[in-house]
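This report refers to the structure that appears directly beneath it.
To find a chain, count down the sequence lines: A is the first, B the second, and so on, and within it residues start at 1.
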2 protein chains.
Amino acid sequence: MIRLHKQGEIVQKLCEKCSLHILCMPVMLKERELTDLGAIIRQSRRLKKGEYLFRAGEPFTAIFAVRTGFFKTIVNSQDGRDQVTGFFMSGELLGLDGICNNNHGCDAVALEDSEVCELPFNNMEDAGSLLPSLQIHFYRLMSQEILRTQELMLMLGNMRAEERLAGFLVNLSHRLSFRGFAANDFILRMSREEIGSYLGLKLETVSRTLSKFQQEGWIKVEHKHIQLLQPWMLQEMVMHCQKAVG
Amino acid sequence: MIRLHKQGEIVQKLCEKCSLHILCMPVMLKERELTDLGAIIRQSRRLKKGEYLFRAGEPFTAIFAVRTGFFKTIVNSQDGRDQVTGFFMSGELLGLDGICNNNHGCDAVALEDSEVCELPFNNMEDAGSLLPSLQIHFYRLMSQEILRTQELMLMLGNMRAEERLAGFLVNLSHRLSFRGFAANDFILRMSREEIGSYLGLKLETVSRTLSKFQQEGWIKVEHKHIQLLQPWMLQEMVMHCQKAVG
DNA sequence: CGATTTTTTGATTGGTATCAAACATGGTGG
DNA sequence: CCACCATGTTTGATACCAATCAAAAAATCG
């Protein structure tokens, strides 16, 4: 938990749902450990829309937790084609794929003015040996990222355009509501093209599919403002998709 | 390194390239640490072809390193469709996605008679605090798994059937050669359908594409026996694919 | 050897990409 | 404040790749 912030209460609320909560809330820890942990989280960093938090290939020194704002990550293939591999909102972690080779495996770009907490990885290592529970917590976070990419693989490998987009909207809705935002009324921070890249579709297909969902009465689309009118229909589509269409 | 094995030398050779090498080779560690580490790796376990090492949902207690043989992992989607998410050969790690929720996120099935080393995760936690370098090594392994799935996502999201299969063969070739096997002459341990599931293709497409590669003279296919005659052509196809086809 | 499973190959269908053009949006500078 | 341009979005027509349906051939297993 970052201290000395003007809007202390708001920050605390954000932090409650953060993956790094345990690192920031020394209250739960013993007195001795508290002092040791003081230096783990470094002061937050602000980024303007479009700014890069890090780029693929840059030396890896820290992991980041989104405090406010929205990010995307992009992997660059050898031949210039690149793909969005994730969208990250407050409380979510960026940069875990950099640990492996000591340099970042993807670009991270702010999709709106944002703020992140920086966790230098060296401190992390030290803290891990001091606090076994922290080490395990961190294993969990990394494992969760593996689960996330597995789910995405399932979408990319098995699902049709409509199912992928439905899955995307439902997932976004869940994550927003978990963080206390409206589940069925939100602003898309990313372009149609970025959604397409993430889902392995072309931007025209994304646009067409959103229009179709609107015609069906399942959602309301006003540019980037999305309302889920019948979210259960989207959920349905992700679950047994071949029936819903065939 | 498992001791007291009949074919000591062969085992040692296999272990040299194993991800868990560092856990098994106490030679590199100080005397005191050696004793502590004695109990980390548990005796290996044998599985017959078709046997499950673990199933999705089962309580997670250990991570496994393939010692000999070949495995696939499968994620089950809610509606019954499932997808192969990886193939694992000797030295590679299975079960990392189970840490997150304390139960396994996928099935792991032996594709031939196999043997694994079992690493109880509790021991792992203890060992991590004793040996910081070990903890970091383990972070690296998990990060590597994230990188692997990212690469696969790129294939599933961006590539055409030919490119995916070329990428698959090249990847297999690299991993085999890293472990001292022939790079351009190997036996596929999995069926066409399993390859298809992994690559987001139907088995017919896999079969057709292999036939096409053979007609081009790039590979030789004899059932499960594959020879790469012009591996650079496959590599080429993965790198700048649109040119090679358009 | 026969039964079952896997693989190959062909014909057709269908979903998404591609190409193209109109339209809306948001930011910039006059 | 508005005109303007660059960018992003929608929608339509067409093309193409891979899925599907189908059937024969080959391999595996008991």
Side-chain angles (χ1 to χ4, degrees), chain A residues 48-50 72 81 83-84 109 111-113 155-168 187-216 219-226 237 241-246, chain B residues 48-50 72 81 83-84 109 111-113 155-168 187-216 219-226 237 241-246:
Chain A
K48 292 222 171 289
K49 181 175 175 177
K72 67 171 174 180
R81 287 182 293 187
Q83 179 164 347
V84 173
V109 186
L111 293 179
E112 59 179 344
D113 291 0
M155 292 226 293
L156 292 172
N158 274 309
M159 294 189 178
R160 315 212 344 251
E162 293 181 358
E163 298 159 8
R164 293 184 203 181
L165 200 60
F168 169 74
I187 306 292
L188 293 178
R189 254 61 222 213
M190 69 296 282
S191 69
R192 305 288 192 260
E193 186 169 20
E194 286 162 335
I195 297 174
S197 171
Y198 179 65
L199 297 175
L201 302 170
K202 293 294 161 188
L203 67 101
E204 295 96 326
T205 306
V206 173
S207 176
R208 265 184 252 273
T209 308
L210 284 174
S211 299
K212 199 204 156 189
F213 285 175
Q214 183 166 234
Q215 278 167 25
E216 301 275 3
I219 69 175
K220 188 162 191 294
V221 186
E222 278 180 314
H223 320 305
K224 308 224 158 192
H225 178 196
I226 303 283
M237 168 156 281
C241 0
Q242 53 270 69
K243 289 177 197 166
V245 179
Chain B
K48 291 223 171 291
K49 181 175 175 177
K72 67 170 174 181
R81 286 181 293 188
Q83 179 165 346
V84 173
V109 186
L111 294 179
E112 59 179 342
D113 292 0
M155 292 225 294
L156 293 172
N158 273 310
M159 294 189 178
R160 318 217 335 255
E162 294 181 359
E163 297 160 7
R164 293 185 204 182
L165 201 61
F168 170 74
I187 306 293
L188 293 178
R189 253 63 222 212
M190 69 296 281
S191 69
R192 306 287 193 260
E193 186 168 20
E194 285 162 336
I195 298 174
S197 172
Y198 179 65
L199 296 176
L201 302 171
K202 292 296 162 189
L203 68 101
E204 294 96 325
T205 306
V206 173
S207 176
R208 263 184 255 274
T209 309
L210 284 174
S211 298
K212 198 204 157 190
F213 285 176
Q214 183 168 233
Q215 278 167 26
E216 301 274 4
I219 68 175
K220 188 161 190 296
V221 185
E222 278 180 314
H223 322 306
K224 308 222 156 189
H225 178 197
I226 303 282
M237 168 156 280
C241 358
Q242 53 270 72
K243 288 178 199 167
V245 179

> Within the pair B:Ser207 and C:dT9, is there a side-chain N or O less than 4.0 Å away from OP1 or OP2?
Replying inline: no
>> Can you tell me how far apart CD (B:Glu162) and OG1 (B:Thr205) are? Round to the nearest 0.5 Å.
In response: 11.0 Å
> Using a cut-off of 4.0 Å on non-hydrogen atoms, how would the nucleic acid contact of B:Ser191 be classed: base, sugar-phosphate, or nothing?
Replying inline: sugar-phosphate
> What's the CD-C1' distance between A:Glu162 and C:dA17, to the nearest Å?
Replying inline: 16 Å
> Name the one of B:Arg189, B:Lys224, B:Lys49 that satisfies salt bridge (charged side-chain N to carboxylate O under 4.0 Å, His left out) with B:Glu112?
Replying inline: B:Arg189
> What is the distance from CD of A:Glu222 to P of D:dT9, rounded to the nearest Å?
Replying inline: 15 Å
>> For a quick check of understanding: with a heavy-atom distance under 4.0 Å over all strands, which category does A:Gly200 fall into, base, sugar-phosphate or nothing?
In response: sugar-phosphate
> Between B:Leu111 and B:Met190, which heavy-atom pair has the shortest distance, and what is it?
Replying inline: CD1-CB, 3.9 Å
> Whole-Å distance between D:dA19 P and B:Arg160 CZ?
Replying inline: 12 Å
> Under 4.0 angstrom, heavy atoms only, what part of the nucleic acid is B:Lys224 near: base, sugar-phosphate, or nothing?
Replying inline: sugar-phosphate
>> Would you compute the distance between atom CE of B:Met155 and atom CZ of B:Phe168 and round it to the nearest 0.5 angstrom?
In response: 8.5 Å
>> Nearest whole Å is fine: how far is D:dT11 C1' from A:Lys202 NZ?
In response: 18 Å
>> Just the rounded figure in Å: distance from P of D:dG30 to NZ of B:Lys49.
In response: 10 Å
> Above 12 or not: heavy atoms from other molecules or residues under 6.0 Å from CD of A:Glu193?
Replying inline: no
Quick one: which protein N/O atoms are closer than 3.5 Å to N/O atoms of nucleotides 20-25 of chain C? Pair and distance per line, please.
residue, atom, partner, partner atom, Å
C:dT25, OP1, A:His223, NE2, 2.8

> Could you state the CG-P distance from B:Leu203 to D:dA22, rounded to the nearest angstrom?
Replying inline: 16 Å
>> Testing the basics here: between A:Arg164 and A:Leu156, what is the closest heavy-atom pair and its distance to 0.1 Å?
In response: NH2-O, 3.3 Å
>> Tell me the interatomic distance from A:Lys48, atom NZ, to C:dG27, atom P, rounded to whole angstroms.
In response: 13 Å
>> Return the CD to CD1 distance between B:Gln214 and B:Ile219, rounded to the nearest 0.5 Å.
In response: 6.5 Å
> Between C:dG14 atom P and A:Glu163 atom CD, what is the distance in whole Å?
Replying inline: 17 Å
